Amino acid sequence: MNYDQFNEYCRSLPATTYVVQWGGAHVWKVGGKVFAIGGWAKANNGTGNPAFTFKTSELHYELLKDESGYRPAPYLASRGMKWIQQVSTDKSLDEPLTYYLRESHRLVSLNLTKKLQRELGLNQPACE
């Protein structure tokens with residue numbers, strides 16, 4: 001996945017906003033809270049390859065932190081947060097990345113106030 005594809009996918013998720021910050025990183029938010037970051041200055045050990053950072057569940061964090069192509073997210077994970085950075089550009093990781101981005105969006109949106117979730121149309125029970 002490249003940054004254009006990353007941005008296109010994140011844009012397709014509900015109630016998202018986009019900003020470029022932190023040294024030119026592509027930062028995606030839901031309800032004002034970060035759920036995904038594409039790139040960072042010095043990301044990926046200066047290789048110039050894309051790097052994608054996302055929030056995970058405890059289980060996914062434990063599964064991915066030592067997995068090839070992933071690492072605990074710089075800065076965030078060192079502060080005890082469950083964030084992973086995908087540093088591999090292997091095409092076989094594109095589909096899992098879309099899952100993890102969607103899951104990160106969901107996890108972050110669940111931590112918004114109920115009022116804001118309602119205003120954004122997120123996590124609402126299905127109408128019968």
Side-chain angles (χ1 to χ4, degrees):
M1 184 176 287
N2 61 39
Y3 290 129
D4 288 339
Q5 293 164 323
F6 167 80
N7 288 331
E8 182 179 328
Y9 183 76
C10 290
R11 186 176 293 110
S12 75
L13 297 171
T16 60
T17 56
Y18 171 77
V19 65
V20 175
Q21 63 187 74
W22 303 322
H26 304 267
V27 180
W28 285 91
K29 301 179 182 186
V30 59
K33 304 291 184 184
V34 175
F35 76 90
I37 304 163
W40 254 337
K42 301 179 186 175
N44 221 352
N45 298 319
T47 64
N49 290 333
F52 305 105
T53 304
F54 48 88
K55 183 177 181 137
T56 66
S57 66
E58 291 240 5
L59 176 62
H60 284 138
Y61 182 82
E62 291 303 318
L63 292 170
L64 293 174
K65 70 179 183 174
D66 297 317
E67 188 72 26
S68 178
Y70 300 94
R71 67 180 180 184
Y75 181 78
L76 299 166
S78 67
R79 284 155 177 72
M81 296 181 236
K82 302 301 182 205
W83 285 73
I84 290 287
Q85 187 174 73
Q86 179 185 309
V87 293
S88 173
T89 56
D90 185 330
K91 289 268 186 219
S92 69
L93 297 179
D94 285 1
E95 187 175 334
L97 178 59
T98 60
Y99 167 80
Y100 291 123
L101 292 172
R102 187 172 59 252
E103 185 65 5
S104 180
H105 178 275
R106 186 185 73 80
L107 290 170
V108 171
S109 72
L110 286 170
N111 284 320
L112 301 174
T113 66
K114 296 294 182 194
K115 179 182 178 192
L116 185 53
Q117 287 180 50
R118 276 191 309 277
E119 288 173 7
L120 296 174
L122 299 169
N123 309 312
Q124 302 304 298
C127 296
E128 297 191 18

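Computed from heavy atoms alone, side chains included, the values below leave out hydrogens, waters and symmetry copies. Predicted model, so just to flag it, every value in this text is computed and none were measured.
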Margin query: Please give me the minimum heavy-atom distance between Thr89 and Pro50, naming the atom from each residue.
Written below: CG2-CD, 3.6 Å

Margin query: Using side-chain heavy atoms (C-beta onward) and a distance below 4.5 Å, is Tyr75 in contact with Thr53?
Written below: no

Margin query: Testing Phe6, Trp83, Tyr61, Phe54 one by one against Tyr100 for a ring pair (Phe, Tyr, Trp, His ring centres under 6.0 Å), which residue passes?
Written below: Phe54

Check: Between Gln85 and Pro74, is any pair of side-chain heavy atoms under 4.5 Å apart?
Finding: yes

Item checked: Approximate separation, where rounding is to 0.5 Å, of Lys91 NZ and Ser88 OG -> 11.0 Å

Next item on the list: Verify the cluster assignment for Leu76 and Leu63: are they in a single hydrophobic cluster under the rule of side-chain heavy atoms below 4.5 Å apart?
Entry: no

Next item on the list: Spell out, as yes or no, whether a donor-acceptor pair under 3.5 Å connects the side chain of Glu62 to the backbone of Leu59.
Entry: no

Notebook entry, point to check: Looking at Ser92 and Pro96, what are the two nearest heavy atoms and their distance?
Noted result: O-CD, 3.4 Å

Check: Closest approach of Tyr70 and Leu64, non-hydrogen atoms and distance?
Finding: CB-O, 3.4 Å

Note to self: So Met1 and Thr98, do their side chains get closer than 4.5 Å, heavy atoms only?
What the structure shows: yes

Note to self: So for atom CD, which belongs to Glu8, do other residues, nucleotides or ligands contribute more than 12 heavy atoms lying within a distance under 6.0 Å?
What the structure shows: no

Check: Considering the options Thr16, Leu122, Leu120, which one meets the side-chain contact (heavy atoms from CB on, under 4.5 Å) requirement together with Ser109?
Finding: Leu122

Notebook entry, point to check: From Thr56 OG1 over to Lys65 NZ, what is the distance, rounded to the nearest 0.5 angstrom?
Noted result: 10.5 Å

Margin query: When you compare the side chain of Phe52 with that of Cys10, does any pair of heavy atoms fall below 4.5 Å?
Written below: no

Item checked: Smallest separation among heavy atoms of Ala25 and Gly39, with atom names -> CB-O, 3.2 Å

Check: Looking at OG of Ser104 and CD1 of Ile37, how far apart are the two atoms once the value is rounded to the nearest 0.5 Å?
Finding: 9.0 Å

Check: Counting N and O atoms only, with roles assigned by atom type, does the side chain of Arg106 sit under 3.5 Å from a partner on the main chain of Arg102, one being a donor and the other an acceptor?
Finding: no

Next item on the list: Look up atom CG in Asp94 and atom CD in Gln5, then write down how far apart they are to the nearest 0.5 Å.
Entry: 6.5 Å

Note to self: Just checking Tyr99 against His60, ring centres under 6.0 Å apart?
What the structure shows: yes

Margin query: Parallel, tilted or perpendicular, judged at 30° and 60°: which one describes the rings of Phe35 and Trp28?
Written below: tilted

Note to self: Given 3.5 Å as the limit, does a donor-acceptor pair link the side chain of His26 with the main chain of Ala36, or not?
What the structure shows: no

Notebook entry, point to check: Roughly how far, to the nearest 0.5 Å, is the CG atom of Leu93 from the CD atom of Gln86?
Noted result: 4.5 Å

Margin query: To the closest 0.5 Å, what do you measure between NZ (Lys55) and CG (Leu107)?
Written below: 6.5 Å

